[in-house]
Amino acid sequence: MKINSAEIIISAAKPHQFPTGPFPEVALSGRSNVGKSSFINTVLGRKGLARISQRPGKTQTLNFYFINERFHFVDVPGYGYAKVSKKEREAWGKVMEVYFQEREQLKGVVQLIDIRHKPTEDDVMMYDWLKYHNCRVLIIATKADKIPRGKWDKHVKEIKEHLEMDKDDKVVVFSSETGLGKDKAWKEMENLLFS
Ligand SMILES: Nc1nc2c(ncn2[C@@H]2O[C@H](COP(=O)(O)OP(=O)(O)OP(=O)(O)O)[C@@H](O)[C@H]2O)c(=O)[nH]1
Ligand SMILES: [Mg+2]
C-alpha cells in the first residue's frame with residue numbers, strides 16, 4: 001500500500017474521545033514491548049510516528065492514526081505489564097472492553113506475538129477473548145530478525161498450535177528491524193479493512 005498521509009489524530013483515554021467518523025480500522029494488540037508501535041512505524045514507513053518505548057507499558061491511551069484519509073490504525077496499550085496498579089488495570093480493562101465489544105468501525109485485530117517464544121498465557125487469553133467476540137485476527141510473529149530463518153516455520157507452527165488458531169486466521173512472519181513481511185502484512189490488513 002502506498003502511504004500518502006499518516007497522522008495521529010487522538011490519544012484517547014476514554015470512549016467518548018474515540019473518533020466518530022465512518023472509517024474502518026484495525027487495532028494493534030499484544031504484550032507490552034512486543035513491538036506494536038514499531039510495527040506501525042515500519043508498515044507506514046514513518047519512523048517517529050508511533051512512539052517506541054524504552055520502558056514497557058508506556059502507551060497508556062488508545063492512539064488513533066488516520067491513514068490516507070481512508071482508515072485508522074489503533075495502537076492499544078500492551079497487556080501483561082505488572083507495574084501498573086490494580087486500580088489502573090481495572091479502569092483500563094473497562095475502556096478496552098467498551099472498545100473491542102462496541103466499536104463498529106473495528107474490522108479486525110492485529111495481534112503481535114514474539115516469534116522467539118511460545119505464546120504466553122496472556123497471549124492465549126487475548127486471542128480467545130477476541131475470538132469469543134467474533135473478531136477477525138491477524139497474527140504477526142514479530143522480531144523474526146532475532147532467530148535464524150531456518151527456525152521460522154517451527155516457531156510459527158508452535159504459535160498456531162498454542163493458540164489453537166482458527167483456520168481462517170493468518171500468521172505473518174515479520175521484523176520491524178528489516179521490514180520482512182511488510183507486503184504480506186499489508187495484503188492481510190487490506191483484506192480485513194476493505195472486504
Ligand atoms: N530486533 C527487533 N527489535 C524490535 C522489533 N520490533 C520492536 N523491537 C524493539 O522492541 C522494543 C519495544 O518496541 P515497541 O514498538 O515500543 O513495543 P510496544 O509493543 O509498542 O510496547 P508498549 O507500547 O509498551 O506496549 C523497542 O526497543 C524496539 O526497538 C523487531 O522486529 N526486531
Ligand atoms: Mg507502544
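Worth saying up front: this structure is predicted, and the values here are computed from it rather than measured. Worth knowing before you read on, the calculation uses all heavy atoms, side chains too, and leaves out hydrogens, waters and symmetry mates. Atoms within a ligand are numbered from 1 in the order they appear, just like the ligands themselves.
For Asp145 and Thr178, the side-chain atoms include no donor-acceptor pair closer than 3.5 Å.
Around atom 1 (N) of ligand 1, the closest heavy atom drawn from Leu180, Asp145, Ile40 belongs to Asp145. Of the candidates Ala50, Ser29, Ser38, Ser38 brings a heavy atom nearest to atom 13 (O) of ligand 1.
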Steps toward side-chain hydrogen bond (donor to acceptor under 3.5 Å, both in side chains) verdict (Asn41, Ser38):
CA-CA 5 Å; Asn41 289 336; Ser38 304; 5.8 Å; no
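The residues Lys184 and Glu188 are annotated as not salt-bridged, no charged nitrogen and carboxylate oxygen being separated by less than 4.0 angstrom. A salt bridge links Lys131 to Asp166: at least one charged side-chain nitrogen sits closer than 4.0 Å to a carboxylate oxygen. Between Arg103 and Glu25 there is a salt bridge, with a side-chain nitrogen of the basic residue lying less than 4.0 Å from a carboxylate oxygen of the acidic one.
Residue pairs meeting the ring pair (Phe, Tyr, Trp, His ring centres under 6.0 Å) criterion with at least one partner in residues 133-163, sequence neighbours excluded, are Trp129-His133.
Ring centers of Trp186 and Phe194: at least 6.0 Å apart, outside the cut-off.
Close contacts of ligand 1 with Ser32, meaning ligand atoms under 4.0 Å from a residue heavy atom, involve 24 (O), 25 (O). Annotation for ligand 1: atoms under 4.0 Å from non-hydrogen atoms of Thr142 are 31 (O). Taking a cut-off of under 4.0 Å to the non-hydrogen atoms of Lys146, the atoms of ligand 1 that pass are 1 (N), 2 (C).
Taking backbone and side chain together, Ser32 holds no N, O or S atom under 2.8 Å from the Mg ion (ligand 2).
Below 3.5 Å of separation, one finds an N or O of Lys143 facing an N or O of ligand 1. The N/O atoms of Gly35, backbone and side chain alike, include one that comes under 3.5 Å of an N/O atom in ligand 1.
Using a 4.0 Å cutoff on heavy atoms, Ser175 counts as a contact of ligand 1.
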